[in-house]
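Comments concern the structure below.
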Protein chains: 2
Amino acid sequence: MPDIDPGSLPERKRGSGVKMVYDLLRDEILDLKLAPGSPIDEVQLAERFKMSRTPIREALVRLAGDGLIETLPNRSTMVSNIDFLNLSTFFDALVLMYRVTTRLAAQNHRAEDLPSIRRFHEDYSAAIEARDTSAMIATNAAFHAAIAEAGRNPYFAGLFRRLLDEGRRILRLYYQSYDEHFPQQFVDEHAEIIAAIEARDLEAADRLGKVHAEQIVAQVQKLFSRTGKLDIAL
Amino acid sequence: MPDIDPGSLPERKRGSGVKMVYDLLRDEILDLKLAPGSPIDEVQLAERFKMSRTPIREALVRLAGDGLIETLPNRSTMVSNIDFLNLSTFFDALVLMYRVTTRLAAQNHRAEDLPSIRRFHEDYSAAIEARDTSAMIATNAAFHAAIAEAGRNPYFAGLFRRLLDEGRRILRLYYQSYDEHFPQQFVDEHAEIIAAIEARDLEAADRLGKVHAEQIVAQVQKLFSRTGKLDIAL
DNA sequence: TGTGTTCTATTTGTCGACAAGAAAAATACA
DNA sequence: TGTATTTTTCTTGTCGACAAATAGAACACA
């Protein structure tokens, strides 16, 4: 395994270790650098990050809280599997949260929210031109998470962020098998969504969020039905 | 502080300590036995449960993940405050989740789900007759959580459970000031909801969930506007 | 050779101790 | 007396070590 070696400084600030481990492992899981089902070894991580098992363990507890890893009592802990059998429940929740958060953003956003939303929009566009799959997926999630923040409902934003995380893993599979297909269409839809939010057009925002979500869901479902779902994942 | 002393057995099973601490603290927080803002001392908890700080800490990390406590870096950790200024976002999320989970239960429930739902319904009814406020609040949350489970969407169920938890704290305030008022009406509404679920009437379930939720929200809002919100909480 | 049992090894859960950070107390100084 | 600085104290974050639990290996036995 390539050692990422975060800085090679033996000097770390007191409370920063857990956050670093948490963030790094989270990204590696969501980018499928750590495959679903692969085991997580506390001792190995402790050596890799040059710290004791205690902060490693705390990071793992938090990841388990996010549902990203699963721990069997007294036995191994592993990266959570993607539940392909219940994908429809995931899509249901995703579509509804797309709608709700976009609508609330149109209703509750402030002027200062738009620049950061636009910035993620541009990052996403740039990622598509650069054909950088990881960046594409991450910036898309960041774009919609920013919209959810502008909607100013922390409960919806929290669920949506979790769904977008899980979506990062699923989209990863999607783009691994179809590298040549890049959704320019999504860029245009993002622009429309921004316009509806800025115009405070609740109905349009709702409708566009719904269409955009169903667009993505349909593409992923088409892919999975064509490939037979499991040959990629297992 | 009254020492609850969980069994006074020095013999505990290996992995059970954290769960016990987590469950107990969670209940104490949700029942307002631990007031919002009150400090949490790891050493004190370690002595109370007769275990080392390590498992205590793990339980606290999980509670922080649930948003029930907040930790200031290198400084104290305390029970999360109830955000009265943003109550409307809470109510928005609550109403939508009432609707969605009830509708999904009408759509996806299986025969074996109904007995446990009915049992919580009866527990709630019994709690009202017994004038047991804590039990009333807890069984009401359990009733709706069971409906959400029957809806078989873990994402919605997870958010809803979190909202019901927060609702337990808010309802606690509500009933502390109006002990004499007991909502028999809610029992009847619960019965209607069960009937709609059993009949697989999606629209009725949706509508009843919405009405039921707005009923509760309206009562709590009326109370808070009458008392000026903060004199109870602070 | 197949099955049940004991032993070993690895990994997790828990512990007690120590050190860093920050608030509070004590002191110095104008 | 009021303010700045040092000291003290108390809590948290981290560490290394040990013990329990489990899986797998080694073994016994038919």
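Below, read A as the first sequence line, B as the second, and so on, with proteins coming before strands; counting in each chain starts at 1. All heavy atoms count here, side chains included; hydrogens, waters and symmetry mates do not. Quick caveat, the model's predicted, so the values are computed rather than measured.
Both A:I40 and B:T54 sit near DNA chain C, but only A:I40 has its closest nucleotide nearer the 5' end. In terms of position on DNA chain D, the residue among A:P73 and A:S16 whose nearest nucleotide sits closer to the 5' end is A:S16. Toward the 5' end of DNA chain C, the nearer of the two residues B:S52 and A:R14, judged by each one's closest nucleotide, is B:S52.
Within the nucleic acid shown, B:L72 has no heavy atom closer than 4.0 Å to any nucleic acid atom. Counting any heavy atom pair closer than 4.0 Å across all strands shown, A:R75 reaches sugar-phosphate atoms only and no base atom. When heavy atoms are screened at a 4.0 angstrom cut-off, A:T71 is found touching no nucleic acid atom at all. Counting non-hydrogen atoms under 4.0 angstrom, A:I56 reaches nothing in the nucleic acid. As judged by a 4.0 angstrom heavy-atom cut-off over every strand, B:E42 is placed among residues touching the sugar-phosphate backbone only.
Under 4.0 Å is where a charged nitrogen must lie from a carboxylate oxygen, and between A:R169 and A:E166 at least one such pair does.
The distance from atom CG of A:N74 to atom C1' of C:dA9 is 15 Å, rounded to the nearest whole Å. If you take CZ of B:R53 and C1' of C:dC18, they are 11 Å apart, rounded to a whole angstrom. One atom, CG of A:L60, and another, P of C:dT12, lie 9 Å apart when rounded to the nearest Å. We find that CG of A:L45 is positioned 12 Å from P of C:dT11, with the value rounded to whole Å.
First and last contacts of DNA chain D with chain B, using any nucleotide atom under 4.0 Å from a protein heavy atom and ordered 5' to 3', fall at D:dT12 to D:dA21.
Consecutive Watson-Crick or G-U pairs involving DNA chain D, each under 3.5 Å on both distances, make up stems of three or more pairs at C:1-30 with D:1-30.
Here the CG atom belonging to B:L34 is positioned 13.5 Å from the CZ atom belonging to B:R26, to the nearest 0.5 angstrom. To the nearest 0.5 Å, atoms CG (B:L163) and CG (A:L159) are separated by 9.5 Å.
Applying the ring-ring contact (aromatic ring centres under 6.0 Å, His included) test to A:Y155 and every residue at least two apart in sequence or in another chain returns B:F90. Considering only residues two or more places apart in sequence or on other chains, A:Y98 meets the ring-ring contact (aromatic ring centres under 6.0 Å, His included) condition with A:H144, A:F160, A:H212. B:E149 meets the side chain to side chain donor-acceptor pair (under 3.5 Å) test with B:R161; sequence neighbours excluded.
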Please test A:R152 against B:T89 for side chain to side chain contact (heavy atoms under 4.5 Å, CB included), starting from the C-alpha separation and ending with a verdict.
CA-CA 8 Å; A:R152 298 216 151 49; B:T89 69; 5.7 Å; no
Side-chain donor-acceptor pairs of residues 62-76 of chain A under 3.5 Å, sequence neighbours excluded:
residue: A:D66; atom: OD2; partner: A:Y22; partner atom: OH; Å: 2.3
residue: A:N74; atom: OD1; partner: B:R14; partner atom: NE; Å: 2.9

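B:E28 pairs with exactly one of B:K33, B:R168, B:R48 by the salt bridge (Lys or Arg N to Asp or Glu O under 4.0 Å) rule, that one being B:R48.
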